[in-house]
Number of protein chains: 2
Amino acid sequence: MYPEQERFLLATDCIIFGFDGSTIKLLLIQRGMEPMKNHWSLMGGFVKRTETTDDAANRILQQLTGLQNVYLEQLHVFGKPDRDPVERTLSVAYFALIDINKYAKQITTDHNAEWFGLNELPELIFDHTEMVKMAKKQLRYKAALHPILFQLLPEKFTIPQLQVLYQGIYQSKLDDRNFSRKVLSTNLLIKLPEKEKLSSKKGAFYYKLNQSNYLENFEAFLNFIPNPDRFFKD
Amino acid sequence: MYPEQERFLLATDCIIFGFDGSTIKLLLIQRGMEPMKNHWSLMGGFVKRTETTDDAANRILQQLTGLQNVYLEQLHVFGKPDRDPVERTLSVAYFALIDINKYAKQITTDHNAEWFGLNELPELIFDHTEMVKMAKKQLRYKAALHPILFQLLPEKFTIPQLQVLYQGIYQSKLDDRNFSRKVLSTNLLIKLPEKEKLSSKKGAFYYKLNQSNYLENFEAFLNFIPNPDRFFKD
DNA sequence: CCAAAAGTGTTAGCTCTACACCCATGC
DNA sequence: GCATGGGTGTAGAGCTAACACTTTTGG
């Protein structure tokens, strides 16, 4: 035993991103416990004795969304001694990407959860605003290099839908023609016979992920975004 | 208070990289306490009540190397419940890049510390081997995109020295001619009037970092390594 | 037949890589 | 004066970005 050492509470908080077809959203809850009860907050919870922090994040995510096997990435440890006014608690922040159509609405209403646009976020408790800021940055960073944004889309999606998503993330217009060509040249997508006909007369073909190429090339660098540098100057 | 919640020990471990002019090395210590006393280990320690995890990592690093203001980056939380057999302890791993010439040798001998080549690492305690593996990967990843490797060199260095470093990290030969041109084209370096004449007859000019350009362009993507993808397939 | 969005073709300019070649110096 | 490693020049290949143009189909 290490008797002279301090022990701490340990939590995880999840920054949950979703995409509704036009904008990127964040899932927040109204905190159910004191302190700061009823204030907006990230979904979080304490790590239990037998869990890893990854386990805890997955458990919390399932509690709120009903989803399992979600894209989840450890972001950062937030550990300022006074970040929780009640008792020192360190929090491991995770960011999650989910298909907004799949989450279980019933569960979220039970938790007083709500989707917020990234530019319409309410004030958040503790250091959660800082966590969100870091997660947004990391999302941009990672998405510029690796094909993670597919995690935000349904199984079947069209290239124009994907483009809207990239444009939302980077807040800039991309050339439609070059975009579709670049995306298709990666061989990450499989063309489906059906078309999506609601948003245009011609209709756009649906695609699905080529799972094996996706997994194999996950770490390969992409280049969907021209001059990605400019988005990371802060 | 959150009375029903479990509290945990929290540690930080530092993966300390150095470069001796020809190979990349890792600083390890012989653990001074039970369990696993005298086994090789990363330098680590418990987080104190008033510290952030960053504070703890900096403190530990200074204890071992005498250095402050070192490049230090939070890597990952390692939290398997049984990773420390004595009592559950979560560890936040940090990786550090230091100028091997600057570290205080006296302090390291006091701690039974030793530099090991990356391919000659001894067996490490707990999950430290896994930590090192992740740190190596992260170092390659980050160095492919951002100019962090300068942190391993002294203030004055030559382009060929820098090239040896990159070649060591990626275990591959780079074209001398293209390398120096690429590096110089970034405007990250300032040419000094002196030459280093030990390793060649002609002598290579010393350079130093252009600090303001360095800080400003830190997040910009580099391209010193042709096809960096191939190094991340695992 | 027209409007609107999907998607293909084309080209100029740039960057990257490979490699020839020149330079400076110690011996 | 020659061997050695530092550093510059250059040309072909390949890629990118900009934009004209064709395709499809609902009204």
Side-chain angles (χ1 to χ4, degrees), chain A residues 21-22 144-145 147 153 156-168 170 172-208 217 220-231, chain B residues 21-22 144-145 147 153 156-168 170 172-208 217 220-231:
Chain A
S22 54
L145 299 169
L153 292 169
K156 298 190 311 184
F157 53 87
T158 67
I159 308 276
Q161 281 165 12
L162 184 65
Q163 187 181 343
V164 169
L165 174 52
Y166 270 89
Q167 291 180 163
Y170 297 102
S172 66
K173 175 83 185 113
L174 303 173
D175 186 291
D176 318 344
R177 302 160 284 191
N178 291 331
F179 183 80
S180 74
R181 209 167 355 190
K182 271 193 186 177
V183 169
L184 292 174
S185 74
T186 59
N187 286 319
L188 289 174
L189 300 187
I190 297 172
K191 193 177 201 163
L192 300 177
E194 319 138 64
K195 279 190 165 184
E196 189 275 339
K197 315 264 298 185
L198 295 171
S199 40
S200 78
K201 292 174 181 170
K202 182 173 176 184
F205 280 104
Y206 278 114
Y207 288 82
K208 66 172 183 182
N217 292 313
F221 293 147
L222 293 181
N223 185 18
F224 295 160
I225 316 296
N227 302 316
D229 296 26
R230 66 196 151 113
F231 296 109
Chain B
S22 53
L145 298 169
L153 292 169
K156 298 190 311 185
F157 54 88
T158 67
I159 308 276
Q161 281 166 10
L162 184 65
Q163 187 181 343
V164 170
L165 174 51
Y166 271 88
Q167 291 179 164
Y170 297 102
S172 64
K173 175 84 184 114
L174 303 173
D175 185 291
D176 318 345
R177 304 162 282 193
N178 293 331
F179 183 81
S180 73
R181 211 171 349 197
K182 271 191 187 179
V183 169
L184 292 174
S185 72
T186 60
N187 286 319
L188 289 174
L189 300 187
I190 297 171
K191 193 177 202 163
L192 299 177
E194 318 137 66
K195 279 190 165 183
E196 190 274 340
K197 315 266 295 187
L198 296 171
S199 39
S200 78
K201 293 175 180 169
K202 180 173 176 183
F205 280 105
Y206 278 115
Y207 288 83
K208 65 172 184 183
N217 292 313
F221 293 147
L222 294 180
N223 186 19
F224 295 161
I225 316 296
N227 303 318
D229 297 28
R230 68 198 150 112
F231 296 110

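Values below: every heavy atom of this structure, side chains too, minus hydrogens, waters and symmetry copies. A note on names: the letters A, B, ... follow the listed sequences, proteins ahead of strands, and every chain is numbered from 1.
Within the 4.0 angstrom heavy-atom criterion, no nucleotide atom of any strand lies near Thr158(A).
Here the P atom of nucleotide dC19(D) and the CG atom of Leu174(A) are 15 Å apart, to the nearest Å. One interatomic measurement links the two molecules: CZ of Arg177(A) to P of dT16(D), which rounds to 17 Å at whole-angstrom precision. Distance CG (Leu222(A)) to P (dC15(D)): 16 Å, rounded to an integer number of Å. The nearest whole Å value for the distance from the CD atom in Gln163(A) to the P atom in dG7(C) is 10 Å. One interatomic measurement links the two molecules: CD of Glu196(B) to P of dT25(C), which rounds to 14 Å at whole-angstrom precision. If you take NZ of Lys202(A) and C1' of dT23(D), they are 4 Å apart, rounded to a whole angstrom. Following rounding to the nearest Å, Asp176(B) (CG) and dC23(C) (C1') show an atom-to-atom distance of 15 Å. Straight-line distance from the CG atom of Leu198(A) to the P atom of dT25(D): 15 Å, rounded to whole Å.
For Phe205(A), taking side-chain heavy atoms from C-beta onward, the closest of the listed nucleotides dT8(D), dG7(C), dC23(C) is dG7(C). Closest to the side chain of Lys197(B), from the set dG9(C), dG7(C), dG26(C), is dG26(C). Distances from the side chain of Leu184(B) to the nucleotides dG7(D), dT8(D), dG7(C) place dT8(D) closest. Distances were taken from every side-chain heavy atom of Asn178(B) (C-beta onward) to each of dA18(C), dT8(D), dA4(C); the shortest belongs to dA18(C).
Around the NZ atom of Lys182(A), the shell of radius 6.0 Å holds more than 12 heavy atoms that belong to other residues, nucleotides or ligands.
Put simply, Lys182(A) has no side-chain N or O that comes within less than 4.0 Å of OP1 or OP2 on dT16(D). Asn223(A) has a side-chain polar atom (N or O) that falls below the 4.0 Å cut-off from OP1 or OP2 of dT16(D).
To the nearest 0.5 angstrom, Asn217(A) atom CG is 8.5 Å from Asn187(A) atom CG. A distance of 5.0 Å separates CZ of Phe205(B) from NZ of Lys191(B), quoted to the nearest 0.5 Å. Of the inter-residue distances, the one linking Gln161(B) atom CD with Glu196(B) atom CD reads 5.5 Å to the nearest 0.5 angstrom.
Counting only distance, with no hydrogens or angles, the side chain of Tyr170(A) and the backbone of Ala144(A) share a donor-acceptor pair below 3.5 Å.
Between Asp175(A) and Lys201(A), the residue anchored nearer the 5' end of DNA chain C, judged by the nucleotide with its closest heavy atom, is Lys201(A). Mapped onto DNA chain C by nearest heavy atom, Arg181(A) and Lys195(B) fall at different nucleotides, with Arg181(A) at the one closer to the 5' end.
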